[in-house]
Structures are given as structure tokens and as C-alpha cells.
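Just so it is clear, the structure is predicted and the values come from calculations on it, not from any experiment. The analysis underlying the following values was restricted to heavy atoms, covering all of them including side chains, and did not include hydrogens, waters or symmetry mates.
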Amino acid sequence: QEQLVESGGGLVQAGGSLRLSCAASGRIFSNYAMGWFRQAPGKEREFVVAISRSGGVTSYAGSVEGRFTISRDNANNTVYLLINSLKPEDTAVYYCAAQYSGSNNNWREYDYWGQGTQVTVSS
């Protein structure tokens with residue numbers, strides 16, 4: 001099993017950048033694809049990006065492609081999300097999640113979740 005802990009969120013102005021990290025405590029991290037989701041107040045949980053077990057394949061939501069970059073370090077059981085050119089609509093709680101098998105953009109098919117880290121973008 002995996003326990004996930006996100007960090008790196010904060011308050012930034014539009015156009016700024018943040019680096020989020022997600023640390024996993026389990027010993028089978030490399031057996032799971034990893035994803036980032038976000039949830040704004042009053043809205044449904046939204047897919048952001050996913051990365052395959054080896055890190056060789058990524059899938060981005062159209063709203064973030066070109067601004068967000070996901071990466072993973074399996075030796076250190078960590079996945080990262082670099083966010084550039086932040087927009088006010090990026091404001092949300094960002095969650096990392098681990099998936100053994102399923103549709104990468106479907107939050108219902110992920111197996112483990114972190115507690116989330118708040119990202120707030122001011123205009």
C-alpha cells in the first residue's frame with residue numbers, strides 16, 4: 001500500500017510558478033501510475049495530469065498542457081508537478097493519487113490519495 005503526502009502549495013500572483021511534490025511511503029511506488037487532480041470550491045474533482053509507471057508516458061488536461069510538467073523519481077518514491085504561468089482559474093486543492101490499473105483521467109479508478117495541498121492564484 002501507498003501513503004501519499006503532498007507539499008509545495010501556496011499563494012502566488014498570476015503568472016508565477018509553483019513546484020508541488022508528492023512523497024510516497026510504500027515500497028511498490030514504481031508499480032503505480034501517478035496522477036494529479038484538483039478541486040476548486042464548489043466544483044467536481046478535475047483531472048490535471050498523469051504519468052506512467054516508468055515516467056515515459058504523460059497525459060495532460062487541455063487546460064494545463066504547456067504550463068504544467070509532471071515528473072517522477074522512482075528511486076525516491078516521489079512525483080512532482082511544476083506549474084508555470086499560473087492563472088486564477090488554477091486555484092484549487094491539488095491532490096496526488098496512485099493507480100494500479102484503470103483510466104488515467106478518472107479519479108474513481110485511483111487507489112490511493114494524498115490529503116492535498118492548496119494552490120491559490122491571485123489576479
Original post:
Does any non-hydrogen side-chain atom of Tyr95 lie less than 4.5 Å from one of Glu6?
Top reply: yes

Subject >> disulfide (SG to SG under 2.5 Å) contacts touching residues 29-75 (sequence neighbours left out) >> reply: none

Subject >> Pairs meeting criterion disulfide (SG to SG under 2.5 Å) with involvement of residues 34-74, two or more places apart >> reply: none

Original post:
If two hydrophobic side chains count as joined below 4.5 Å and joins carry through other members, does Val119 share a cluster with Val48?
Top reply: yes

**OP:** Please list, chain by chain and in numerical order, all residues satisfying ring pair (Phe, Tyr, Trp, His ring centres under 6.0 Å) with Phe68, sequence neighbours excluded.
**Re:** none

Original post:
Would you say Leu20 and Tyr80 make side-chain contact, with heavy atoms under 4.5 Å?
Top reply: no

Original post:
For Pro88 and Ser123, which heavy atoms make the closest approach, and how far apart are they?
Top reply: CG-CB, 3.8 Å

Subject >> Under the side chain to side chain donor-acceptor pair (under 3.5 Å) test, residues paired with Asp111 that sit two or more places apart >> reply: none

Subject >> Qualifying residues under side chain to side chain donor-acceptor pair (under 3.5 Å), relative to Gln118, sequence neighbours excluded >> reply: Thr120

Original post:
Is a side-chain donor or acceptor of Gln99 paired with a backbone partner of Glu109 at a separation under 3.5 angstrom?
Top reply: yes

Subject >> Qualifying residues under ring pair (Phe, Tyr, Trp, His ring centres under 6.0 Å), relative to Tyr112, sequence neighbours excluded >> reply: Tyr32

**OP:** Go through the structure and list residues passing side chain to side chain donor-acceptor pair (under 3.5 Å) with Asp73, not counting sequence neighbours.
**Re:** Asn76

**OP:** Using the disulfide (SG to SG under 2.5 Å) rule, collect all pairs that involve residues 40-117, keeping only residues at least two apart or in two chains.
**Re:** Cys22-Cys96

**OP:** Applying side chain to side chain donor-acceptor pair (under 3.5 Å), name anything that partners Ser7, two or more places apart in sequence or on another chain.
**Re:** Ser21

**OP:** Could you list the residues that satisfy ring pair (Phe, Tyr, Trp, His ring centres under 6.0 Å) with Phe37, not counting sequence neighbours?
**Re:** Phe47, Tyr110, Trp113

Subject >> Nearest heavy-atom neighbours spanning Ser52 and Gly56 >> reply: OG-N, 3.3 Å

Subject >> Side-chain heavy atoms of Trp36 within contact of Ile70, under 4.5 Å >> reply: yes

**OP:** Kindly state each residue pair satisfying side chain to side chain donor-acceptor pair (under 3.5 Å) with at least one member in residues 9-20, sequence neighbours excluded.
**Re:** Ser17-Asn84

Subject >> Thr58 side chain reached by Thr69 side chain, heavy atoms, under 4.5 Å >> reply: no

**OP:** Given side-chain contact (heavy atoms from CB on, under 4.5 Å), test Arg67 with Asp90 step by step and report yes or no.
**Re:** CA-CA 11 Å; Arg67 299 187 298 116; Asp90 295 322; 2.8 Å; yes

Original post:
Do the side chains of Ile51 and Ile28 join up, straight or via other hydrophobic residues, at under 4.5 Å, putting them in one cluster?
Top reply: yes

Subject >> Separation of Met34 CE from Asn77 CG (nearest 0.5 Å) >> reply: 9.5 Å

Original post:
What distance separates Leu82 CG from Ser71 OG, expressed to the nearest 0.5 Å?
Top reply: 8.0 Å

Original post:
Is there any side chain to side chain donor-acceptor pair (under 3.5 Å) pair reaching into residues 39-50, and which pairs are they, with sequence neighbours excluded?
Top reply: Arg38-Glu46

**OP:** Measure across Val79 and Phe29 and return the closest heavy-atom pair with its distance rounded to 0.1 Å.
**Re:** N-CZ, 4.2 Å

Subject >> Inter-residue atom distance Leu86.CG - Ser122.OG, 0.5 Å rounding >> reply: 10.0 Å

**OP:** Would you give the length of the straight line joining atom OG of Ser63 to atom NZ of Lys87, rounded to the nearest 0.5 angstrom?
**Re:** 8.0 Å

**OP:** May I ask you to test the Glu89-Val121 pair for a side-chain heavy-atom distance under 4.5 Å?
**Re:** no

**OP:** Compare every heavy atom of Leu4 with every heavy atom of Ala24, then report the nearest pair and how far apart it is.
**Re:** CB-CD2, 3.6 Å

Original post:
Is Val12 close to Leu18 at the side-chain level, that is, under 4.5 Å between some pair of heavy atoms?
Top reply: yes

